[in-house]
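The analysis underlying the following values was restricted to heavy atoms, covering all of them including side chains, and did not include hydrogens, waters or symmetry mates. Start at 1 and go down the list; that is how both ligands and their atoms are numbered.
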Amino acid sequence: MEKYIVNGGKKLSGRVRVHGAKNAVLPIMAASILSGDKCRVFDCPKLSDVKNTMKILERLGCEVILSDDILEIDSQGIKAWEISEELMREMRSSIIFLGALVSKMGRARLCAPGGCELGNRPIDLHLKALKQLGIEIREENGFIEATAERMHPADIHLDFPSVGATENIILASVCIRGETTVSNAAKEPEITDMCDFLNKMGADIEGAGTEFIRIKGVPHLHGAQHKVVPDRIVAATLMCSAMTTKSEIELLNVRSEHLGAIVSVLRDCGAKIEFFRDKMYIRAPEKIKSTDMIKTQVYPGFPTDAQSPVMAALCFSQGTSVIVENIFESRYKIIPELSKMGADILQDGRVAVIKGSSLCGAHVRAMDLRGGAALTVAALGADGQSEISGVHYIERGYVQLDNMLREIGADIKSI
Ligand code: UD1
């Protein structure tokens with residue numbers, strides 16, 4: 001699929017199911033190699049990032065099958081510890097294989113990871129923490145080689161609660177004899193989901209979802225089954241689609257406790273939002289109100305991944321809103337694209353000031369995953385036709401976003 005063609009202005013209605021979270025399933029796939037056994041993952045989203053991670057697992061010697069949304073990983077045959085440059089460059093999250101491979105194979109060799117270009121995305125926190133566990137790390141010509149002859153537990157304090165670094169520490173330390181602790185750990189629900197999976201595999205991890213995590217090393221792990229947590233960013237994207245089209249929709253498979261910051265902002269904008277068990281009902285206002293300053297923060301603060309879709313929704317508001325992007329400095333690549341649709345957005349460094357009105361259809365280009373989804377959200381509410389290229393970015397994190405939106409009445413097709 002190369003492009004989305006969207007005829008804007010159609011109301012959405014009905015229900016749509018939110019699929020499993022990309023940011024949970026990827027570390028879960030890396031964690032599965034620690035079992036040296038068969039694992040089964042339910043509600044696995046068929047995303048390009050998942051397919052790339054499957055390739056990594058296969059090259060390491062695992063057998064991997066994804067049918068419908070059930071992923072089966074058999075890591076009994078794992079024999080390699082290297083990940084090729086070509087696979088590493090595909091996505092940044094592959095860096096979590098560093099901790100998993102060192103733990104399982106005693107060594108790892110991989111190159112600095114790729115992914116969406118969201119500005120400087122260093123891995124210094126990962127490397128500093130892994131060194132504290134006694135892992136020797138050499139960096140040469142863009143490659144990282146890690147060996148684990150003298151691994152030991154440690155009390156690690158993260159200078160910043162990085163999601164990936166927290167996951168890497170857990171994956172590396174889960175079988176180290178003794179107790180490892182992580183303070184100032186990231187609290188994202190996807191980390192908790194990975195830890196739930198590891199605990200089902202026989203790990204002993206406490207405190208996931210809090211800033212202090214305790215990992216008691218166990219001698220070995222075994223296979224397990226797990227259902228992936230719903231994707232809160234997909235839910236946020238669909239909520240923003242309801243906003244730009246002034247619609248009422250119902251989302252299935254959501255966790256209200258994971259959506260607090262997004263719900264709070266959209267309620268300020270005038271949305272009516274209610275939860276009933278794992279369902280959410282959202283009714284957008286006729287006129288979106290502008291909001292106080294939105295600052296992206298680590299969880300449970302406002303997620304950087306939902307910033308672009310919310311920016312798209314604010315383009316339709318009455319009044320002026322301010323966003324401060326504190327996590328990734330290059331999240332504003334969509335501003336020139338939204339401007340092509342008539343948006344009035346001023347950016348100065350990490351601050352964006354959005355003067356709301358309405359948008360009109362245009363030819364725009366997705367340049368990263370969430371930005372691409374946000375352009376789709378904008379196009380749904382715009383007058384006339386939009387053409388969105390760079391859909392392969394969107395496919396990294398949304399399973400057929402066009403189908404999901406068509407199911408609830410959007411006029412969108414891919415060509
Ligand atoms: C994960 C998510 C991504 C999300 C991000 C923040 C996955 C697969 N991806 O990415 O969708 O946008 O969390 O919620 O789960 N940093 C350093 N040094 C490091 C590591 C990070 O300076 O060693 C900085 C980054 O540049 C960034 C901030 O910390 O400014 C957050 O990064 P991090 O939490 O590590 O995000 P990711 O794990 O890459």
J.: Closest by any non-hydrogen atom to atom 18 (N) of ligand 1: pick that one out of Asp124, Ile233, Asn23, Leu26.
T.: Asp124
J.: Please set out all donor-acceptor pairs under 3.5 angstrom arising from side-chain atoms of residues 199-207, sequence neighbours excluded.
T.:
residue: Asn199; atom: OD1; partner: Ile205; partner atom: N; Å: 3.0
residue: Asn199; atom: ND2; partner: Ile205; partner atom: O; Å: 3.1
residue: Lys200; atom: NZ; partner: His226; partner atom: ND1; Å: 2.7

J.: Can you confirm whether His19 sits close enough to Asn253 that some side-chain heavy atom of one is under 4.5 Å from a side-chain heavy atom of the other?
T.: no
J.: Using a 4.0 Å cut-off to any heavy atom of Gly164, which atoms of ligand 1 qualify?
T.: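 Taking each heavy atom of Gly164 in turn, ligand 1 has 35 (O), 38 (O) under 4.0 Å.
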J.: I'd like to know whether CD of Glu63 has more than 12 heavy-atom contacts from other residues, nucleotides or ligands below 6.0 angstrom.
T.: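 At most 12 heavy atoms, drawn from other residues, nucleotides or ligands, come within 6.0 Å of this atom.
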J.: My understanding is that we take every heavy atom of each candidate and find the minimum distance to atom 20 (C) of ligand 1. Doing that for Pro122, Ala129, Ala165, which one comes out nearest?
T.: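 When every heavy atom of Pro122, Ala129, Ala165 is considered, Pro122 comes closest to atom 20 (C) of ligand 1.
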J.: If you count the atoms of ligand 1 from 1 in the order shown, which ones are under 4.0 Å from a heavy atom of Ile327?
T.: 27 (C), 28 (C), 30 (O), 31 (C)
J.: Quick one: are Ile137 and Ile135 in side-chain contact, heavy atoms under 4.5 Å?
T.: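 Answer yes - side chains close enough.
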J.: Pick one of side chain, backbone, both or neither for how Arg331 approaches ligand 1, counting any non-hydrogen atom pair under 4.0 Å.
T.: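 Only the side chain of Arg331 comes within reach of ligand 1.
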J.: Where does Tyr299 meet ligand 1, judged by heavy-atom distances below 4.0 Å: at the side chain, the backbone, both, or neither?
T.: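 It is neither; nothing of Tyr299 touches ligand 1.
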J.: Could you tell me which atoms of ligand 1, counted from 1 in the order shown, lie closer than 4.0 angstrom to a heavy atom of Ile123?
T.: 19 (C), 23 (O)
J.: Any chance CZ of Arg177 has more than 12 other-residue heavy atoms, nucleotides or ligands included, within less than 6.0 Å?
T.: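 For Arg177, atom CZ is not crowded (no more than 12 foreign heavy atoms under 6.0 Å).
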J.: Would you mind telling me if ligand 1 is within reach of the side chain of Leu127, the backbone, both or neither, using heavy atoms under 4.0 Å?
T.: neither
J.: Between Val163 and ligand 1, which residue portion shows a heavy-atom distance shorter than 4.0 Å: side chain, backbone, both, or neither?
T.: both
J.: For residues 237-251, which residue pairs pass the salt bridge (Lys or Arg N to Asp or Glu O under 4.0 Å) check, not counting sequence neighbours?
T.: Arg15-Glu250
J.: Polar-atom distance check: Phe160 versus ligand 1, any N or O pair below 3.5 Å?
T.: no
J.: Measure the distances from the heavy atoms of Glu190 to every atom of ligand 1 and state whether one is below 4.0 angstrom.
T.: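 In this structure, Glu190 fails to qualify as a contact of ligand 1 - no heavy atom is under 4.0 Å.
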J.: Cut-off 3.5 Å, side chains only: do Ser414 and Asp402 have a donor facing an acceptor?
T.: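 Side chains of Ser414 and Asp402: pair found under 3.5 Å.
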J.: Judging by distance only, is a nitrogen or oxygen of Asp305 under 3.5 angstrom from one on ligand 1?
T.: yes
J.: Between Ile70 and Cys44, is any pair of side-chain heavy atoms under 4.5 Å apart?
T.: no
J.: Between Thr237 and Tyr398, is there a side-chain donor-acceptor contact under 3.5 Å, judged purely by atom types and distance?
T.: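 Present: a donor and an acceptor within the cut-off.
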J.: Using a 4.0 Å heavy-atom threshold (strictly under), name the region of Leu125 that reaches ligand 1: side chain, backbone, both or neither.
T.: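 Both parts.
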